[in-house]
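What follows is one structure encoded as structure tokens, with my remarks underneath.
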Amino acid sequence: MDDTYQIYVNRVARLTLPATYQTQLPHIQASPKFQEGSAIAFPGYSIITPPSSEDPDNEKLYQGLIKAQAKLIEAFAEFFIPLPPESFHLTVADLIWDSQYKAAIAENPEFEQQLKDCVRETFAAYQPTGLEDGTIQWQVLGFGIFPRAIAVVLVPQQEADYLPILELRRSLYQNPVLIGLGIEQQYNFTAHITLGYFGEIPADLDREECTQTLGKLNDHWLEGDPEVLQIPKIELRQFTDMTHFYRHEDYPVLDFSGEKK
């Protein structure tokens, strides 16, 4: 389901264009993951980079995203619900969430242990292509509008940074044990770091003005050196809502330098 490298780069680049904003803004809607500006219960598991509060290697990047988020808050205060910056992260693979997750643990008391074991075994068997220095780098390209959120979208700095992620996602979503647990790929991969969700959309929202504002804010990403996310490792994380992602000691980790836990 995921794109080849060049198709991915071309597709994501289009997400940052004003013409794309004009197409998407008429369809944005309030996120059901929030009520009156506060996150509500939305439990599940995913495979992500460590949240910014636990990721000192990317401190510079996340400080830049905090500034970008502040501009969004100022521009769209009426309907933009910012995420706490300490929760910023990149999701590499969605696994299971909300009603599907609740049903799985109700039907199978061993579900969570089986999930952890399967992810650990997948990490242990993983052999990335073309990864020489143990670090994957993805570059922030600009703001992307999603149906219920605003994020920054990312592209790999080169094809060698894309293939390890692509291969890992394939090894997860094609794993028969995970499939047996009811986990399947539901989305084409679009690397992004969510900065906030939409609250109630004003009936008189000036979408043309929103497009112009985002276009101007996007100019920031064209200035100076590109802002890069270093990905030395990814982890299985559990979440209770869209602001809290945590792990226990026995949760598997894939260190791209070669250490697997």
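With rounding to the nearest 0.5 Å, the separation of CD1 in Ile179 from CD in Gln174 is 7.5 Å. Atom CG in Leu17 sits 10.5 Å away from atom CD in Gln22 (nearest 0.5 Å). For the atom pair CG (Leu115) and CD (Glu110), the distance works out to 12.5 Å, reported to the nearest 0.5 Å. Taken to the nearest 0.5 Å, the CG atom of Leu95 stands 10.5 Å off from the CD atom of Gln186. Note: Asn58 CG to Ser52 OG = 9.5 Å, rounded to the nearest 0.5 Å. Separating the NZ atom in Lys33 from the CD1 atom in Ile81 is a distance of 12.0 Å, to the nearest 0.5 Å.
For the residue pair Tyr173/Asp94, the side-chain donor-acceptor check at 3.5 Å is not satisfied.
At a threshold of 4.5 Å between non-hydrogen side-chain atoms, the residues Arg148 and Gln29 count as touching. Counting only heavy atoms from C-beta outward, the side chains of Pro51 and Glu86 never approach each other to under 4.5 Å. Looking only at side-chain heavy atoms (C-beta outward), Thr135 and Ile231 stay at 4.5 Å or farther from each other. Between Ile47 and Leu254 there is no side-chain heavy-atom pair separated by less than 4.5 Å. In this structure, Phe189 and Thr91 have side chains that are not in contact, with every pair of non-hydrogen atoms separated by 4.5 Å or more. Between Ile150 and Leu195 there is no side-chain heavy-atom pair separated by less than 4.5 Å. Side-chain contact between Arg247 and Val253 is present, with at least one heavy-atom pair separated by less than 4.5 Å. For the pair Ile193/Tyr62, a side-chain contact is recorded, criterion being any heavy-atom separation below 4.5 Å from C-beta on.
Identified under the ring pair (Phe, Tyr, Trp, His ring centres under 6.0 Å) test for residues 224-246, with sequence neighbours left out: His89-Phe245, Phe239-Phe245, Tyr246-His248. Residue pairs meeting the salt bridge (Lys or Arg N to Asp or Glu O under 4.0 Å) criterion with at least one partner in residues 41-57, sequence neighbours excluded, are Glu54-Arg237. Identified under the side chain to side chain donor-acceptor pair (under 3.5 Å) test for residues 190-203, with sequence neighbours left out: Arg11-Thr190.
Using bins of under 30°, 30° to 60° and over 60° for the plane-to-plane angle, the ring pair Trp138/Tyr8 lands in the perpendicular bin.
Between the Asn10 side chain and the Ile7 main chain, no donor and acceptor come within less than 3.5 Å of each other. At least one donor-acceptor pair closer than 3.5 Å links the side chain of Gln185 to the backbone N or O of Tyr187. At distances below 3.5 Å, not a single donor-acceptor pair connects side-chain atoms of Thr20 with backbone N or O atoms of Thr16. Under a 3.5 Å cut-off, the side chain of Gln69 and the backbone N or O of Leu83 do form a donor-acceptor pair. Between the Asp206 side chain and the Glu209 main chain, a donor and an acceptor come within less than 3.5 Å of each other.
Smallest separation of non-hydrogen atoms from Glu227 and Gly64: OE1-CA, 4.1 Å. Minimum heavy-atom separation, Ile105 to Lys102: CG1-O, 3.3 Å. Nearest heavy-atom pair, Leu181 versus Asn108, reported as atom, atom and distance to 0.1 Å: CD2-ND2, 4.2 Å. Closest non-hydrogen pair, Ile201 versus Ala30, comes out as CG1-N, 4.2 Å. For the pair Gly144 and Val153, the tightest heavy-atom approach, listed with the atom from each and the gap, is CA-CG1, 4.1 Å. Between Arg169 and Ala93, the shortest heavy-atom contact is NH1-CA, 3.9 Å.
Listed by chain and number, the residues in a ring-ring contact (aromatic ring centres under 6.0 Å, His included) with Phe143 are Trp221 (sequence neighbours excluded). For Asp241, the salt bridge (Lys or Arg N to Asp or Glu O under 4.0 Å) criterion is met by no residue, not counting sequence neighbours. Residues satisfying the salt bridge (Lys or Arg N to Asp or Glu O under 4.0 Å) test with Glu184, not counting sequence neighbours, are none. Annotation: salt bridge (Lys or Arg N to Asp or Glu O under 4.0 Å) contacts of Lys233 (sequence neighbours excluded): Glu235. With sequence neighbours excluded, the residues that form a side chain to side chain contact (heavy atoms under 4.5 Å, CB included) with Gln63 are Glu59, Ile66. Scored by the side-chain hydrogen bond (donor to acceptor under 3.5 Å, both in side chains) test, Ser46 finds no partners at all (sequence neighbours excluded). Gln157 pairs by the side-chain hydrogen bond (donor to acceptor under 3.5 Å, both in side chains) definition with nothing, not counting sequence neighbours. Looking at residues two or more places apart in sequence or on another chain, you find a salt bridge (Lys or Arg N to Asp or Glu O under 4.0 Å) between Asp117 and Arg120.
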Let's go through Asp2 and Arg170 carefully: what are the C-alpha distance in whole Å and the side-chain angles of both, what is the deciding distance for salt bridge (charged side-chain N to carboxylate O under 4.0 Å, His left out) to 0.1 Å, and is it a yes or a no?
CA-CA 9 Å; Asp2 289 328; Arg170 285 175 178 168; over 6 Å; no
Given Val140 and Val155, is the side chain to side chain contact (heavy atoms under 4.5 Å, CB included) satisfied, shown in steps?
CA-CA 7 Å; Val140 173; Val155 294; over 6 Å; no
With side chain to side chain contact (heavy atoms under 4.5 Å, CB included) as the criterion, how do Ile28 and Leu205 come out once you've worked through the C-alpha distance, each side chain's angles and the decisive distance to 0.1 Å?
CA-CA 11 Å; Ile28 62 174; Leu205 179 65; 4.2 Å; yes
Full working for side chain to side chain contact (heavy atoms under 4.5 Å, CB included) between Thr211 and Leu25:
CA-CA 8 Å; Thr211 296; Leu25 279 166; 3.3 Å; yes
Between Leu72 and Leu217, does a side chain to side chain contact (heavy atoms under 4.5 Å, CB included) hold up when you go through it step by step?
CA-CA 9 Å; Leu72 293 176; Leu217 293 179; 3.9 Å; yes
Could you walk me through whether Tyr21 and Asn218 pass the side-chain hydrogen bond (donor to acceptor under 3.5 Å, both in side chains) test, one step at a time?
CA-CA 12 Å; Tyr21 298 152; Asn218 253 350; 2.5 Å; yes
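For the side-chain contact (heavy atoms from CB on, under 4.5 Å) with Pro156, the qualifying choice from Val12, Asp161, Leu163 is Asp161, the only one to do so.
The hydrophobic clustering, which links ILVMFWY residues whose side-chain heavy atoms are closer than 4.5 Å, places Val228 and Ile234 apart.
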For a quick test of your reading: what N or O donor-acceptor pairs under 3.5 Å do the side chains of residues 34-45 make, sequence neighbours left out?
from	atom 1	to	atom 2	distance (Å)
Tyr45	OH	Glu112	OE2	2.6
Tyr45	OH	Gln238	OE1	3.2

